[in-house]
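Notes for the one structure printed next.
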Amino acid sequence: YTGEQWVLRGISLHARPGSMIAVVGANGAGKSSLAGLLNRTYEHQRGEVLLDNQPVDSYYLHWLRTRVALVPQDVFLFADSILNNITLFDETITRDDAVRASREVGIHEFIQRLPGGYDFQVGERGAMLSTGQRQLIAFVRAYVRNPSVLILDEATSSVDGESEMLIRLAMDRLTQGRTSIVIAHRLSTVRKADTILVMEKGQIAEQGSHDELMKSEGIYHRLVSLQFEPED
């Protein structure tokens, strides 16, 4: 780093297959930028970003984004049916596939209660659904493609109480058995992560498990205290 205004600086990390890495920190700390390098939402300009020991820019972009699924905070839904918003008109994904994925994620019953079920029209940008319901559709959209790597970018923020429990259950199902990068504002959602990265001004300021970071009484400890999280 030579004084240039790089968004990320001095980042070095390794995610073991099947592990969960949580990324926390204040707004503007570089959390989403870090995750966006994995599926080439952003192209890196220095250093290396590797997937299975191969540079991410050596993969076809369509294949990469099939294997590295992103569930964003601001979910975009088309003015179409729930089914088409899950499949994204991919003819290789059948209605049965969508129903099966919805059952496994735990939202099939919620969809079935809607008028028309999977044929329910969600309206422009999903206006007929709540924020939490749109987030649940995005979870199924990612899960039905069986990605190797999952990125959840603030996927639990701004949800209603009714959807929060479904979202937590869906997160558990989605992250099971696959490498996960979880960007979170609600620190209660990342306590079980294998490694927690605390970002500050584009750098990794702290890293470790929840218990390790709580014992160090640094930035993470302060963030948890501000959210009135129990420390056990």
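Y59 contributes a side-chain N or O that, together with a main-chain N or O of L51, makes up a donor-acceptor pair within less than 3.5 Å. Side-chain N or O atoms of R173 include none that pairs as donor or acceptor with a backbone N or O of L169 at under 3.5 Å. No donor-acceptor pair closer than 3.5 Å links the side chain of Q135 to the backbone N or O of G132. Panel note: side chain S180, backbone V182; no donor-acceptor pair is recorded below 3.5 Å. Between the side chain of R191 and the backbone N or O of H210 there is no donor-acceptor pair closer than 3.5 Å. Although no hydrogens or angles enter the test, the distance criterion places a donor-acceptor pair under 3.5 Å between the side chain of S225 and the main chain of H221. Side-chain atoms of T179 do not come within 3.5 Å of backbone N or O of V149 as any donor-acceptor pair.
In this structure, the separation between OG on S102 and CG on L83 is 9.0 Å, given to the nearest 0.5 Å. Here the CE-CG distance, from M20 to L152, works out to 7.5 Å after rounding to the nearest 0.5 Å. The CE atom of M199 lies 9.0 Å from the CD1 atom of I183; values are rounded to the nearest 0.5 Å. Atom CD1 of residue I86 and atom CD1 of residue I82 lie 6.5 Å apart, to the nearest 0.5 angstrom. Summarising the geometry, atom CG belonging to L136 is positioned 8.5 Å from atom CD1 belonging to I111; distances are rounded to the nearest 0.5 Å.
The side chain to side chain contact (heavy atoms under 4.5 Å, CB included) test applied to S58 returns Q54, P55, not counting sequence neighbours. For R95, the salt bridge (charged side-chain N to carboxylate O under 4.0 Å, His left out) partners are D119, not counting sequence neighbours. Listed by chain and number, the residues in a side chain to side chain contact (heavy atoms under 4.5 Å, CB included) with Q112 are H108, Y118 (sequence neighbours excluded). R178 meets the side-chain hydrogen bond (donor to acceptor under 3.5 Å, both in side chains) test with N146; sequence neighbours excluded. With sequence neighbours left out, S148 forms a side chain to side chain contact (heavy atoms under 4.5 Å, CB included) with R67. Qualifying side-chain hydrogen bond (donor to acceptor under 3.5 Å, both in side chains) partners for D74, counting only residues two or more places apart in sequence or in other chains: none. Applying the side-chain hydrogen bond (donor to acceptor under 3.5 Å, both in side chains) test to R134 and every residue at least two apart in sequence or in another chain returns T131. With sequence neighbours excluded, no residue forms a side-chain hydrogen bond (donor to acceptor under 3.5 Å, both in side chains) with T175. Qualifying salt bridge (charged side-chain N to carboxylate O under 4.0 Å, His left out) partners for E43, counting only residues two or more places apart in sequence or in other chains: R40. Remark: D172 pairs with no residue by the side chain to side chain contact (heavy atoms under 4.5 Å, CB included) rule, at least two apart or across chains.
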(request) Assess whether side-chain contact (heavy atoms from CB on, under 4.5 Å) is satisfied between D57 and L64, documenting all intermediate values. (result) CA-CA 9 Å; D57 52 7; L64 178 68; over 6 Å; no

(request) I would like to know whether D153 and L70 meet side-chain contact (heavy atoms from CB on, under 4.5 Å); could you show each step before the answer? (result) CA-CA 7 Å; D153 189 353; L70 170 66; 4.1 Å; yes

(message) Using side-chain contact (heavy atoms from CB on, under 4.5 Å), reason through L77 and L129 one step at a time and then give a plain yes or no.
(response) CA-CA 10 Å; L77 297 184; L129 301 175; 4.0 Å; yes

(request) For L197 and V24, run side-chain contact (heavy atoms from CB on, under 4.5 Å): C-alpha distance rounded to whole Å, both residues' side-chain angles, the deciding distance at 0.1 Å, then the answer. (result) CA-CA 6 Å; L197 306 179; V24 304; over 6 Å; no

(message) For a side-chain hydrogen bond (donor to acceptor under 3.5 Å, both in side chains) check, start with the C-alpha distance between T41 and N39, then their side-chain angles and the critical distance, and finish with the verdict.
(response) CA-CA 6 Å; T41 299; N39 71 346; 2.6 Å; yes

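In this structure, a donor-acceptor pair under 3.5 Å is present between the side chains of D90 and T92. In this structure, a donor-acceptor pair under 3.5 Å is present between the side chains of T94 and D97.
V68 and W63 fall within the same hydrophobic cluster, defined by Ile, Leu, Val, Met, Phe, Trp and Tyr side-chain heavy atoms under 4.5 Å apart, directly or through other members. Residues I151 and L50 do not share a hydrophobic cluster, clusters being chains of Ile/Leu/Val/Met/Phe/Trp/Tyr side chains in contact below 4.5 Å.
Annotation for Y60: atom OH does not count as buried by contact number, only 12 or fewer foreign heavy atoms lying within 6.0 Å.
Side chains of V75 and I137 form no contact here, defined as non-hydrogen atoms less than 4.5 Å apart. With a 4.5 Å cut-off on side-chain heavy atoms, L8 and L34 count as touching. Counting heavy atoms from C-beta on, the side chains of V224 and L226 never come closer than 4.5 Å. Side-chain contact check for V71 versus L150: some heavy-atom pair is nearer than 4.5 Å. Within the 4.5 Å cutoff, the side chain of I204 has no heavy atoms near those of the V198 side chain.
Grouped with F78 in one hydrophobic cluster are F76, L88, the linkage being side-chain heavy-atom contacts under 4.5 Å among Ile, Leu, Val, Met, Phe, Trp and Tyr residues.
Note on residues 194-208: pairs passing side chain to side chain donor-acceptor pair (under 3.5 Å), not counting sequence neighbours, are R9-Q203.
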